[in-house]
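Sequence lines set the chain letters: A, B, ... in the order given, protein chains first and strands last, and positions in each chain run from 1. All values below come from the heavy atoms of this structure, side chains included, with hydrogens, waters and symmetry mates left out.
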There are 2 protein chains.
Amino acid sequence: MSRRSYAQYCGLARALDLVGERWTLLIVRDLALGPRRFTDLLAGLPGIGTSLLSERLRHLEDQGIARRVVARRPASGVVYELTDEGRDLAQAMSPLATWGAARLDADVEAELRPEWVAYALQASFRPAAAAGVHDCYEFRLEGVTLWALVDDGTLTVAQRRPRRPDFTLTTDVPTLAQLGSGRISPREAVASGRARFRGDPEAGARALQVLGSGGDRPA
Amino acid sequence: MSRRSYAQYCGLARALDLVGERWTLLIVRDLALGPRRFTDLLAGLPGIGTSLLSERLRHLEDQGIARRVVARRPASGVVYELTDEGRDLAQAMSPLATWGAARLDADVEAELRPEWVAYALQASFRPAAAAGVHDCYEFRLEGVTLWALVDDGTLTVAQRRPRRPDFTLTTDVPTLAQLGSGRISPREAVASGRARFRGDPEAGARALQVLGSGGDRPA
DNA sequence: CCGCATCCGCGTTGATACTG
DNA sequence: CAGTATCAACGCGGATGCGG
């Protein structure tokens, strides 16, 4: 029953005491995309047990990271959502996610869900660079297609085509991650056959600014 | 024997598969301050068992995050140090450490070691803001005193006074963390009695730029 | 003393069954 | 749908031992 603590007066140790246990950060990740029901979370975390999810949620609630809300409108039920502190945490773990994304090898036998990519896009979104930008980017990734809708300072990742996209990028997730982090240039990605770009090159350049580390121009 | 994996094609899940297990990130934190011996790490991680530390180190080695080096010079023995990838990771976990530092309550029964504070300072250091800066800041924190030596683009955190400091800040760690993150202004910290500042106010302003989120001026 | 392996008791986790 | 109850399996903490 006693929660194990590192008992160190150190920011990292404290963070790990709070959210370092198994599944916790993945729950925060899922909640970062919006309110979720218990069963939504359960479906998004294959392998977690219901009791553990229940306990984790209660703990996040106790720590003021997430909030339990009795939903009314769509269908009565319980919904979990992040608090402001939870959103701070979601921001703080983005670099870790980016670091991990760069190490997503192609050979990993891992499930690919649109939500994970949506989370990665949200994490790498730079609102300041998106001022005055109104674009729609289509990403096709191994059977998963999704759309990033940039409107000024906001990014919405949709799983249905919201409007005619300014470009379509067909690639795989590791390549997309490398593009976003600037580890390879769009030119290289296309030249090596790992990516295919169709559409407005200027929109592609804006996408790099808004969703990546910016700078380079697409082929 | 089978390492448990989340098996999700998501950057965060991958990062947690690699370094999400207990103690692992704290080991990386310790190594981020420089090469360490097995027993140094052991001493800095009260509660870890020798076998677990050994296994974690081997895993970090396998993943190319840390490296095992047979030391010669000071005394023969084995030393562990971060690889470039490990340094990337250390960078990536800094925001998490900052998030946790803001939640280091005064009531926590936790050990305070100069190294943790040194790590926090390193994590918040912005080399770009330190161009042309040559300062020495003294921090006195509940019995622990240390010095931050800024020289152009580099920060060295010392546990012995390297030279006459440009200012001395006496406070506690939560307040220091809040100052660094900009959650309170130096003015407030001093006015509320939580901090005491003695020395060159302009050096204090530079410290905020270099070690914090910058902007405000000290009282 | 340093670096590490082995063993054991226990807390945490994963899977299933069951309930309002 | 939103959990609680239960139990087996695994990971971890602590002790011990052993070759440099």
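Rounded to whole Å, atom P of C:dC4 lies 13 Å from atom CG of B:Asp40. Summarising the geometry, the separation between CZ on A:Phe38 and P on D:dA2 is reported as 8 Å, rounded to the nearest angstrom. With rounding to whole Å, A:Leu53 atom CG is found 10 Å from D:dT4 atom P. Between the P atom of D:dG3 and the CG atom of A:Leu57 lies a distance of 8 Å, rounded to the nearest Å. Taking atom CD1 on A:Ile27 and atom C1' on D:dG3, their separation rounds to 14 Å, with Å as the unit. In this structure, OH of A:Tyr6 is placed 11 Å from C1' of D:dC12, rounded to the nearest angstrom. Atom CD1 of B:Ile48 is separated from atom P of C:dC4 by 13 Å (rounded to the nearest Å). Between the P atom of C:dC4 and the CG atom of B:Leu41 lies a distance of 11 Å, rounded to the nearest Å.
No salt bridge links B:Arg87 with B:Glu85; every basic N to acidic carboxylate O contact stays at or beyond 4.0 Å.
Phosphate contact (OP1/OP2 of C:dG3, side-chain N/O of B:Arg58, threshold under 4.0 Å): absent. Within the structure, a side-chain polar atom (N or O) of B:Arg4 is placed less than 4.0 Å from OP1 or OP2 of C:dG14. Between A:Trp23 and C:dG14 there is a side-chain polar atom (N or O) within less than 4.0 angstrom of OP1 or OP2. Regarding contacts with the backbone of C:dC2, every side-chain N or O of B:Arg36 stays at 4.0 angstrom or more from both OP1 and OP2. A:Tyr80 has no side-chain polar atom (N or O) that falls below the 4.0 Å cut-off from OP1 or OP2 of D:dC1. One finds no side-chain N or O of B:Arg22 lying less than 4.0 angstrom from the OP1 or OP2 phosphate oxygen of C:dT12.
In the set C:dA17, C:dC4, D:dC12, the nucleotide with an atom closest to the side chain of A:Thr50 is C:dA17. Out of C:dC4, D:dC12, D:dA2, the shortest distance to the side chain of B:Leu52 is found at D:dC12. You'll find that the side chain of A:Arg37 is closest to D:dC1, out of D:dC1, D:dG11, D:dT4.
Ring pair B:Tyr80/B:Phe38 is tilted by interplanar angle, where 30° to 60° counts as tilted.
Geometric assessment of B:Arg22 against the ring of A:Tyr6 yields a positive cation-pi assignment under the 6.0 Å and 45° thresholds.
For A:Ser51 and D:dA5, a side-chain-to-base donor-acceptor distance below 3.5 Å is present, hydrogens and geometry of angles not being considered. For A:Ser54 against D:dA2, a side-chain-to-base donor-acceptor contact under 3.5 Å is absent.
A:Arg29 and A:Gln122 share no side-chain donor-acceptor pair at under 3.5 Å. Under 3.5 Å, the side chains of A:Glu188 and A:Ser185 contain a donor-acceptor pair of N or O atoms.
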